[in-house]
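Below is one structure, written out as structure tokens, with a few remarks after it.
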Amino acid sequence: MKVEDLKIAVFADGADIREMEEAAQNGWIKGFTTNPTLMRKAGVRDYTEFAKRAVEVIPDRPISFEVFADDFMSMKKEALALSGYGKNVYVKIPVTNTRGESSAPLISELSKEGVRLNVTAVFSIRQVEGVLEALEDGVPGIVSVFAGRIADTGTDPEEIMKRAAQLCRQKGVWSLWASCREVFNVIQAERSGADIITVTGGILSKLKELGKDLEEFSLETVRMFEEDGRKLGFSVVC
């Protein structure tokens, strides 16, 4: 299998405008996502300027921007502002606020107003069900299940993702495998039935290895070790 053969949609996850523009040159990248952590890492200073520029650079594929507020009234104001930046914009709303209060009422309000939502930081099937109940029928939406972080707890994310994908399909919204850790997660996400996987720059660059002959890869690795050894100038015996 090569990256072009994937059925799952690969979304680039990042907040560096230059890198996003470069990624957009790859036809197999079907969308883009951002989040506050990635923006901080990329040194974004002006959110409005960043978001508007990103939509200019990527006008033809879905792109997600996240609210920063923690109270639901402010979240709604930010969501409406962000959604106005482009018809391809999805607004990321966390499944709860920092006090653990459900965002379902806000999700329902925004969805009824036609705002395309990407509900994020979802970890459980109970949360998936709550989000889907809140989303308005016929309005595009994404449910982002943080499969990579689920795996960090020793829990199999594929089983959760399979069920989440089934439920999302019944509702007519996209399921998304978030927090990708390695290339094999792309395979896991595809076989679980997820519609989308978000992939950061480091993993994106490794996708070219998908389907590579393992013995050829072995030889490349041996040659890499030999070259690095020569550069160190070490000798075990004199």
Side-chain angles (χ1 to χ4, degrees), residues 1-15 19-20 23-24 26-35 37-38 41 61-64 66 90 92-95 117-132 135 140-218 220-221:
M1 177 183 285
K2 296 191 179 300
V3 68
E4 294 84 359
D5 301 324
L6 291 170
K7 294 178 182 177
I8 193 169
V10 176
F11 280 26
D13 196 23
E19 291 180 359
M20 293 169 74
N26 294 319
W28 48 267
I29 293 180
K30 305 301 183 183
F32 293 80
T33 57
T34 64
N35 65 48
T37 301
L38 292 170
K41 184 177 179 181
R61 276 165 275 190
I63 183 166
S64 294
E66 189 161 346
Y90 283 72
K92 294 178 78 172
I93 301 287
V95 69
L117 297 177
N118 178 345
V119 184
T120 190
V122 175
F123 280 67
S124 72
I125 293 301
R126 184 177 65 83
Q127 289 179 325
V128 172
E129 291 171 338
V131 169
L132 293 177
L135 288 170
I142 300 171
V143 179
S144 291
V145 179
F146 275 51
R149 295 195 181 205
I150 291 171
D152 289 342
T153 72
T155 302
D156 183 356
E158 278 195 68
E159 292 305 310
I160 293 175
M161 197 71 237
K162 283 178 184 177
R163 181 59 181 151
Q166 290 170 351
L167 292 170
C168 288
R169 198 171 300 114
Q170 291 169 9
K171 181 72 173 184
V173 302
W174 287 334
S175 57
L176 184 151
W177 177 300
S179 64
C180 176
R181 301 288 202 250
E182 59 187 6
V183 170
F184 186 61
N185 292 157
V186 179
I187 305 303
Q188 290 178 298
E190 176 156 304
R191 71 188 184 193
S192 73
D195 298 300
I196 303 166
I197 184 167
T198 50
V199 182
T200 54
I203 305 297
L204 281 176
S205 65
K206 291 182 179 180
L207 280 177
K208 65 180 183 296
E209 310 291 358
L210 197 62
K212 188 169 186 173
D213 180 85
L214 293 181
E215 293 194 2
E216 177 186 345
F217 209 177
S218 170
E220 288 182 8
T221 303

Please determine which of Val10, Asp195, Ile8 meets the side-chain contact (heavy atoms from CB on, under 4.5 Å) test together with Glu190. Ile8
Kindly write out the residues that satisfy side chain to side chain donor-acceptor pair (under 3.5 Å) with [X], not counting sequence neighbours, or none if the list is empty.
X      : answer
Thr34  : none
Arg149 : none
Asp13  : Thr33
Ser205 : none

Reported [atom1]-to-[atom2] distance for the pair [X] and [Y], which is rounded to 0.5 angstrom:
X      : Y      : atom1 : atom2 : result
Ile196 : Lys30  : CD1   : NZ    : 12.0 Å
Leu176 : Thr198 : CG    : OG1   : 5.0 Å
Ile197 : Met161 : CD1   : CE    : 9.5 Å

Where [X] and [Y] come nearest, the two heavy atoms and their spacing:
X      : Y      : result
Arg61  : Ile29  : NH1-O, 2.8 Å
Ile203 : Cys180 : CG2-SG, 4.1 Å
Trp177 : Pro157 : CH2-CG, 3.9 Å
Met20  : Gly14  : SD-O, 3.9 Å
Phe32  : Phe11  : N-CD2, 3.8 Å
Glu66  : Thr120 : OE2-CG2, 3.9 Å

Under the rule for salt bridge (charged side-chain N to carboxylate O under 4.0 Å, His left out), what residues qualify as partners of Arg191, not counting sequence neighbours? Glu158
Can any side-chain N or O of [X] pair as donor or acceptor with the backbone N or O of [Y] at less than 3.5 Å?
X      : Y      : value
Lys171 : Leu132 : yes
Thr221 : Phe217 : yes
Ser175 : Ala165 : no

For Lys208, I'd like to know if atom NZ has over 12 heavy atoms of other residues, nucleotides or ligands within 6.0 Å. yes
In terms of heavy-atom contacts, does CD of Glu215 have more than 12 from other residues, nucleotides or ligands at under 6.0 Å? no
Salt bridge present between Lys212 and Glu209 (N-O < 4.0 angstrom): yes
Trp28 and Leu6: side chain to side chain contact (heavy atoms under 4.5 Å, CB included), yes or no, with the steps? CA-CA 9 Å; Trp28 48 267; Leu6 291 170; over 6 Å; no
Heavy atoms, side chains only, cut-off 4.5 Å: are [X] and [Y] in contact?
X      : Y      : result
Val173 : Cys168 : yes
Lys92  : Asn118 : yes
Leu210 : Val186 : no

Check the pair Glu159, Lys162 against salt bridge (charged side-chain N to carboxylate O under 4.0 Å, His left out), reporting the backbone distance first and the verdict last. CA-CA 5 Å; Glu159 292 305 310; Lys162 283 178 184 177; 3.7 Å; yes
Check step by step if side chain to side chain donor-acceptor pair (under 3.5 Å) holds for Gln166 and Arg169. CA-CA 5 Å; Gln166 290 170 351; Arg169 198 171 300 114; over 6 Å; no
Under the criterion side chain to side chain contact (heavy atoms under 4.5 Å, CB included), I'd like the reasoning laid out for Ile125 against Leu167: C-alpha separation, chi angles, the key distance, then a yes or no. CA-CA 9 Å; Ile125 293 301; Leu167 292 170; 4.1 Å; yes
Going through the distances and angles, do Arg181 and Asp152 end up as a side chain to side chain contact (heavy atoms under 4.5 Å, CB included)? CA-CA 10 Å; Arg181 301 288 202 250; Asp152 289 342; 2.4 Å; yes
Tell me the ring pair (Phe, Tyr, Trp, His ring centres under 6.0 Å) pairs involving residues 146-166, sequence neighbours left out? Phe123-Phe146
